[in-house]
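Right, one structure below, let's go through it.
Every chain is numbered from 1, with letters handed out A, B, ... down the list of sequences.
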Protein chains: 2
Amino acid sequence: MAIFSKTCEYGIRAVFFIAHKTANGNRIGIKEIANGISSPEPFLAKILQDLSRKGIIQSFKGPHGGFYLDESSLSRPLSDIVEAVDGDSLFKDCGLGLKACSEINPCPLHNQFKEIRNNIYKMLNSTTIGAFNNELLTGIFSLKK
Amino acid sequence: MAIFSKTCEYGIRAVFFIAHKTANGNRIGIKEIANGISSPEPFLAKILQDLSRKGIIQSFKGPHGGFYLDESSLSRPLSDIVEAVDGDSLFKDCGLGLKACSEINPCPLHNQFKEIRNNIYKMLNSTTIGAFNNELLTGIFSLKK
DNA sequence: AGATAAAAAGGTATTAATATCATTTTAAAT
DNA sequence: ATTTAAAATGATATTAATACCTTTTTATCT
């Protein structure tokens, strides 16, 4: 198993891509995004539609329309994308799948998972959507394949 | 998304349960295990059958048969269960799902995920199957619901 | 106003994960 | 030998995730 669902993987990669391609105020179409991050276009369309409805990204219909990010979206943490797509179970739920697991009724791995969940959340919450625009521009980082 | 698949969650809980219930040399049947960890019995049967085939747990057919753990199984790390069930993608694959992601062609979150993967692996690899027998016996830890 | 280009919406298809059921094999007890 | 209790196997069912397709809405341009 991967950490994120495919939906979430595509979502994060797409948002990074949009951030980097629209830093200049432009918009970008679904075709170019799907191609830029190696994702199935119709599936990605659904994902972006959902992220747009939830306010994580912005979109504009019609000719010269497309997806883009406003200032406040650029400074959102990645955890917002993950939460919008996969929910907060990665940050909150018991690692062994126990609904009743808690501080007073812990599973054997309760404390270990608490730390891991915190690590993941801290990382995702302290990294913003726009954090890698420079590196993406210079080609240091890849979002394809 | 959860960290592990349902299959893996049931598997780990079941193995903990078997370890604790058969520490005295007994065997334990699928019914009692399924009940003890709140899992669907036929599904769990499949999982344990697979773990048995892979040598993670031991089983014995016929009357007074059941599942149990030998000494060496008790000292295996949890990472062995996870690898047997979910494979090693949790420890190895790119967090953003990129096949080509590597040190020389990193995704934007490459280093961040490397650390998280290492945390998870270290935890699972340094915790043994038999580590919680005492706490399970005294009821400090729960495997149910 | 009409044509066009884009995302949004809604519905369908495929695949993988999860769950269940029926039959077979194995070993013990009588 | 027969019965019985257990896991192993094989087949099927259900559900959720992933992927795709068609139509509709919105905005721009001529």
Would you tell me if any nitrogen or oxygen in the side chain of T7(B) comes within less than 4.0 Å of OP1 or OP2 on dT18(C)?
-> yes
More than 12 foreign heavy atoms under 6.0 Å from NZ of K122(A): is that the case here?
-> no
Just call it for Y68(A): base, sugar-phosphate, or nothing, with non-hydrogen atoms closer than 4.0 Å on any strand.
-> nothing
Kindly compute the distance separating CZ (R13(A)) from CD1 (I47(A)), expressed to the nearest 0.5 Å.
-> 9.5 Å
Report yes or no: is the cationic atom of R27(B) (NZ for Lys, CZ for Arg) under 6.0 Å from the centre of the six-membered ring of Y68(B), at an angle within 45° of the ring normal?
-> yes
Would you indicate what R53(B) reaches in the nucleic acid, counting non-hydrogen atoms under 4.0 angstrom: base, sugar-phosphate, or nothing?
-> sugar-phosphate
Are D50(B) and T7(B) side-chain neighbours, meaning at least one heavy-atom pair lies under 4.5 Å?
-> no
Any residue of residues 31-51 of chain B with a heavy atom less than 4.0 Å from an atom of DNA chain C = P40(B), P42(B), F43(B), K46(B)
Are Y10(B) and dA19(C) close enough that a side-chain N or O sits under 4.0 Å from OP1 or OP2?
-> yes
Chi angles and distances behind the side-chain contact (heavy atoms from CB on, under 4.5 Å) call for V85(B), L51(B) = CA-CA 8 Å; V85(B) 176; L51(B) 288 177; 3.9 Å; yes
Stepwise side-chain contact (heavy atoms from CB on, under 4.5 Å) test for D93(B) and L98(B) | CA-CA 8 Å; D93(B) 288 359; L98(B) 296 168; over 6 Å; no
Looking only at heavy atoms, the pair that brings E135(A) and T138(A) closest together is O-OG1, 3.2 Å
Can you tell me if D70(B) and S73(B) form a side-chain donor-acceptor pair at under 3.5 Å?
-> yes
OP1 or OP2 of dA8(C) under 4.0 Å from side-chain N/O of S52(A) = yes
Nearest-Å distance for atom pair NZ/C1', residues K54(A) and dA9(C) | 15 Å
When the distance from CD1 of I30(A) to C1' of dA5(C) is rounded to whole Å, what number comes out?
-> 14 Å
Please find the earliest and latest nucleotides of DNA chain D, in the 5' to 3' direction, that have an atom within less than 4.0 Å of any heavy atom of chain B.
-> dT4(D) to dA11(D)
